[in-house]
Amino acid sequence: DFMREISGLKVLEEKLKETLKLKNVFVVAGNSDDSPWVKRELGRACVSRIKERLTVNNIVAVTGGTTLAAVADMMQMDCKNLHTLFVPARGGVGESVENEANTICAKMAQHTNSNYRLLYVPDQVSSEVYASIVTEPSVKEILDLIKSSNIVIHGIGDAVTMARRRSTSAAEWDAITTGHAVGEAFGYYFNEQGEVVCKVRTIGMQLEDLQNVSHVIAVAGGASKAKAIQAVIGQGHTSILVTDEGAARELLKSI
Ligand code: G3H
């Protein structure tokens, strides 16, 4: 803590809390855009925040992405007696398998001696398929678990970066560009004001479901994600932000 004090990280945290109107902000040193090890530090810091909040019989829902994969890599704890259940927050959003929520969820469970359930649904479905698939008993059972989660851990992406990385339809691209999306989380794209301008129809947790979750932990770093972080936090569901110095300094610069 002393090191964090003298390196100015505490000051950044205080300023971010004020700017983002958020009680819990945690900043790690470095900029994950430039140094890959910073992502691991984000992962480590995120794991500590989870540990502090985990109680018995919790359901933890997780999203995908390389940052969440780093969280899973850094997660080493024995939760056997806590009976934690890990679930993916949403079905696939067109990510490669190592970045998929299902993969990350299974890894977290393995690293903590916990249980997990997976959601096997196609990436992006038509409205007809969507309506029928959510009533399928095996899918519905997981959806109910997802909706009763106590802790959600999610990444935040730069809108265009995410749209490029995923299978994004022409109609979605149109909504993302004309809506001036800057940030993405859960398959939702947000503009600078924090409004949703595009939503990828996937199965699982929806933005409004976050209201019922005790701890919504956002983990995202890198100066390139400053606007994205501000936009996503702007919708008001986050309880804890774990970020890095690169994102924090860039975000505060634009105020
Ligand atoms: O939804 C946001 C993305 O999953 C973030 O992905 O951690 O690889 O930047 P990333």
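What you see below is based on every heavy atom in this structure, not just the backbone, and it leaves out hydrogens, waters and symmetry mates. In listed order, ligands and their atoms are each counted from 1.
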Student: If we ignore angles and hydrogens, is there a donor and acceptor under 3.5 Å between the side chains of Ser239 and Lys23?
Tutor: no
Student: Compute the minimum heavy-atom distance from Lys39 to ligand 1 and say whether it is under 4.0 Å.
Tutor: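 Not so, Lys39 does not reach ligand 1.
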Student: At what distance is the nearest protein heavy atom to atom 1 (O) of ligand 1, and which residue and atom is it?
Tutor: Glu184 OE1, 2.5 Å
Student: Classify the contact between Ile156 and ligand 1 as side chain, backbone, both or neither, using a heavy-atom distance cut-off of under 4.0 Å.
Tutor: backbone
Student: Is Arg166 paired with Glu184 through a side-chain N to carboxylate O contact shorter than 4.0 Å?
Tutor: yes
Student: I need the contact type for Glu100 against ligand 1. Using non-hydrogen atoms and a strict under-4.0 Å cut-off, is it side chain, backbone, both or neither?
Tutor: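 Under 4.0 Å from ligand 1, Glu100 contributes no heavy atoms.
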Student: Any side-chain donor paired with an acceptor under 3.5 Å for Glu128 and Ser126?
Tutor: yes
Student: Between the candidates Ala228, Gly64, Ala70, which shows the shortest non-hydrogen contact distance to atom 4 (O) of ligand 1?
Tutor: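 Nearest option to atom 4 (O) of ligand 1, by heavy atoms: Gly64.
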Student: Check step by step if side-chain hydrogen bond (donor to acceptor under 3.5 Å, both in side chains) holds for Ser32 and Asp244.
Tutor: CA-CA 7 Å; Ser32 43; Asp244 65 16; 2.6 Å; yes
Student: Same cluster for Val134 and Phe186 if Ile/Leu/Val/Met/Phe/Trp/Tyr side chains link at under 4.5 Å?
Tutor: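 Result: yes, single cluster for both.
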Student: Name the closest protein heavy atom to atom 7 (O) of ligand 1, giving the residue it belongs to and the distance to 0.1 Å.
Tutor: Thr67 OG1, 2.5 Å
Student: As an exercise, identify every atom of ligand 1 less than 4.0 angstrom from a heavy atom of Arg166.
Tutor: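 Numbered from 1, ligand 1 contributes 1 (O), 4 (O).
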Student: Going by heavy atoms in the side chains, are Val60 and Met108 under 4.5 Å from each other?
Tutor: no
Student: Does Arg49 make a cation-pi contact with Phe26 (under 6.0 Å, within 45 degrees of the axis)?
Tutor: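 The answer is yes, since Arg49 meets both limits relative to Phe26.
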Student: In this structure, does ligand 1 have an atom that sits under 4.0 Å from one of the heavy atoms of Lys225?
Tutor: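 Heavy atoms of Lys225 do come under 4.0 Å of ligand 1.
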Student: Identify the closest protein heavy atom to atom 3 (C) of ligand 1: which residue and atom is it, and at what distance?
Tutor: Met162 CE, 3.5 Å
Student: Identify the closest protein heavy atom to atom 10 (P) of ligand 1: which residue and atom is it, and at what distance?
Tutor: Thr66 OG1, 3.3 Å
Student: Is the closest side-chain donor-acceptor distance between Thr66 and Asn99 under 3.5 Å?
Tutor: no
Student: Please could you name the atoms of ligand 1 that Gly157 approaches to less than 4.0 Å, counting only its heavy atoms?
Tutor: 2 (C)
Student: What protein heavy atom sits nearest atom 6 (O) of ligand 1, and how far off is it?
Tutor: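 So the nearest neighbour among protein heavy atoms is Arg165 NH2, 3.2 Å.
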